[in-house]
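Note sheet for the following structure.
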Amino acid sequence: MKVNQFPDRTIEIDNEDYLYFGGTAYLGLPTHPEFQKLLIQNILQWGTAYGSSRSANIQLTAYENGERFLANFVKADAALTLSSGMLAGKLVVEALTPETDLFFHFPDTHTAIKAINSIPFFIGNELNPRLLDNVPEKITILTDAVPSFHVKPIDLSVLNLIPSNKEITLIVDESHSLGILGTNGCGIYSNIDLPNIKRKIMIASLGKAFGLTGGVIASDSEFINQMTVHDTFVSSAGMNAAFVQTMADAAAIYLQQHQKLKDNLNYVEAHLIKKKAIDFDPNYPLIYPEIEGINEIFTSNKIIVTNFKYPTDTKDLNRIVITANHKKEDLDKIIQILNQNHF
């Protein structure tokens, strides 16, 4: 279905209004008036695009301001913005490939951080035996903070089972946890404190909760400095400078919208009847209903949810997305349907 406006909490289809519980604008920022005002002001100052290399002799302070904000927000030593989360992931994997003996990936890891010749972290329900052997080597582990079809962050305590002869670098894709999980939406990066990890790296798309097209890498200062001189970074244009500056300027709005999202999730938690067929966690804005024909029921009640099929899966995915912009009456309508006794 095609629409002619941004799908916020409502969406117009064939001249009829529907409630919309889809997308990835978890904090509701793309249509937020004050957020838009900041962005417009920054476009007037920084222009609509800046196609020069970040390594050129002219350096825009917008990048310094936005990247300092991001580093502080996620509680990392340093951060670096790029034009997309996909590029952020590809750059990190590309940079680590020459110094990694073996890559391991958790199930359902996003394409952005997939590495050629990476092998599964798990074989069945057990750790891959290659993680437990006596070979001294440098390994890089790839995972999403919250995998597809899940509503809770990945359990990384299993990394403690890996022996000390393995030097571990951990890459976490926080595209769907940045702005949502952790204190004020800082994500899970700052809470990863495992003794056998030598280096942790976070990458994320900023086009989800943060509402701005771009990507970010966050890690220790040494690694971020290494990224700034990498050929791929040097030869590519940066994230829109107006967008980067807007993040720094919108710090208070991010906190306000995160609290609104938390309030909405707590409301759902208080009123949604717990059922095996409905996967929901009050700390995360997605609901996965495993109910036959639920998409048709929603549509008949003038509700649109995300519905698609992943290339790696045979079943249709129905994903209900709660955002900071949903009103209590919106939530009541979808809760009422999910609470029906025959489900």
Side-chain angles (χ1 to χ4, degrees), residues 46 50-103 112-115 137-143 145 166-175 177-178 182 186-206 210 212-248 251:
W46 296 105
Y50 187 69
S52 179
S53 168
R54 290 282 304 276
S55 297
N57 58 319
I58 299 299
Q59 298 286 308
L60 306 189
T61 57
Y63 293 110
E64 180 182 353
N65 297 336
E67 289 166 354
R68 186 189 308 114
F69 161 75
L70 283 168
N72 291 337
F73 189 86
V74 304
K75 300 177 176 64
D77 291 343
L80 187 68
T81 56
L82 299 96
S83 58
S84 73
M86 181 66 76
L87 179 59
K90 295 295 185 185
L91 172 58
V92 168
V93 171
E94 182 182 346
L96 289 175
T97 295
E99 54 191 69
T100 298
D101 295 316
L102 196 57
F103 284 93
I113 54 170
K114 282 189 176 174
E137 57 190 347
K138 296 180 179 180
I139 65 173
T140 297
I141 297 173
L142 315 164
T143 184
K166 308 296 184 185
E167 185 178 295
I168 301 174
T169 296
L170 175 68
I171 304 176
V172 180
D173 186 337
E174 291 225 52
S175 297
S177 57
L178 179 63
C186 69
I188 72 168
Y189 175 88
S190 61
N191 287 326
I192 300 173
D193 186 21
L194 301 173
N196 58 345
I197 295 178
K198 181 186 178 185
R199 168 171 281 157
K200 59 179 180 177
I201 304 163
M202 181 271 266
I203 71 102
S205 165
L206 297 168
F210 266 43
L212 295 163
T213 302
V216 61
I217 304 168
S219 189
D220 57 88
S221 297
E222 181 184 354
F223 183 76
I224 295 301
N225 288 337
Q226 181 184 336
M227 293 301 94
T228 63
V229 296
H230 192 281
D231 286 349
T232 298
F233 180 80
V234 171
S235 59
S236 62
M239 181 178 172
N240 187 314
F243 288 8
V244 181
Q245 180 64 53
T246 297
M247 285 187 294

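Residue numbers run from 1 in the order of the sequence given. Since we're looking at a predicted model, the values are computed, not measured.
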Quiz item: Can you check whether Thr97's main-chain N or O pairs, donor with acceptor, with Thr100's side chain at less than 3.5 Å?
Solution: no
Quiz item: Below 4.5 Å, heavy atoms only, C-beta onward: do Thr246 and Phe69 meet side chain to side chain?
Solution: no
Exercise. Report the residue from Thr140, Thr143, Ile171, Val172 that forms a side-chain contact (heavy atoms from CB on, under 4.5 Å) with Ile113.
Key: Ile171
Quiz item: To the nearest 0.5 Å, what is the distance between SG (Cys186) and CE (Met202)?
Solution: 9.0 Å
Quiz item: Is any side-chain heavy atom of Leu206 closer than 4.5 Å to a side-chain heavy atom of Leu70?
Solution: yes
Output a table of donor-acceptor pairs, distance under 3.5 Å, between side-chain atoms of residues 74-83 and any protein atom two or more places apart or on a different chain; print 'none' if there are none.
| from | atom 1 | to | atom 2 | distance (Å) |
| --- | --- | --- | --- | --- |
| Thr81 | OG1 | Glu67 | OE2 | 2.8 |

Quiz item: Between Tyr50 and Tyr63, what is the ring plane arrangement, given parallel below 30°, perpendicular above 60°, and tilted in between?
Solution: tilted
Practice problem: Taking all non-hydrogen atoms of both residues into account, name the closest pair between Ala115 and Val93 and its distance. | Solution: CB-CG1, 3.7 Å
Quiz item: Closest approach of Ala62 and Val244, non-hydrogen atoms and distance?
Solution: O-CG1, 3.4 Å
Practice problem: Could you check if a side-chain atom of Glu137 sits within less than 4.5 angstrom of a side-chain atom of Lys166, using non-hydrogen atoms only? | Solution: yes
Quiz item: At what distance, to the nearest 0.5 angstrom, does CD1 of Ile217 lie from CG of Leu87?
Solution: 7.5 Å
Self-check item: side-chain contact (heavy atoms from CB on, under 4.5 Å) evaluation trace for Thr232 with Lys90
Solution: CA-CA 9 Å; Thr232 298; Lys90 295 295 185 185; over 6 Å; no
Quiz prompt | Closest non-hydrogen atom pair between Gln245 and Thr61, with its separation | solution = OE1-O, 4.4 Å
Self-check item: Flag, side chain of Asp101 to backbone of Lys138, donor-acceptor distance under 3.5 Å
Solution: yes
Quiz item: Is Glu99 atom CD crowded by more than 12 heavy atoms from other residues, nucleotides or ligands, each under 6.0 Å away?
Solution: yes
Quiz prompt | Under 3.5 Å: donor-acceptor pair, side chain of Ser205, backbone of Ser175 | solution = no
Quiz prompt | Beyond-backbone contact of Met227 with Leu91, side-chain heavy atoms, under 4.5 angstrom | solution = yes
Practice problem: State the OG-CG distance between Ser55 and Asp231, to the nearest 0.5 angstrom. | Solution: 10.0 Å
Quiz item: What are the two closest non-hydrogen atoms of Phe233 and Thr228, and how far apart are they?
Solution: CD2-O, 3.4 Å
Quiz item: Which heavy atom in Asp220 sits nearest to a heavy atom in Arg199, and how many Å separate them?
Solution: OD2-NE, 2.8 Å
Quiz item: Atom CG in Asp173, atom CD1 in Ile201: separation rounded to 0.5 Å?
Solution: 12.5 Å
Quiz item: Which distance, rounded to the nearest 0.5 Å, do you find between the CD1 of Ile168 and the CD1 of Ile139?
Solution: 4.5 Å
Quiz item: Any sub-3.5 Å donor-acceptor pair from Ser53's side-chain atoms to Val234's backbone N or O?
Solution: yes
Quiz item: For Ser219 and Lys200, which heavy atoms make the closest approach, and how far apart are they?
Solution: OG-O, 2.9 Å
Anything under 3.5 Å between a donor and an acceptor, one on a side chain of residues 187-195, the other on a protein residue two or more places apart or in another chain? List them.
none

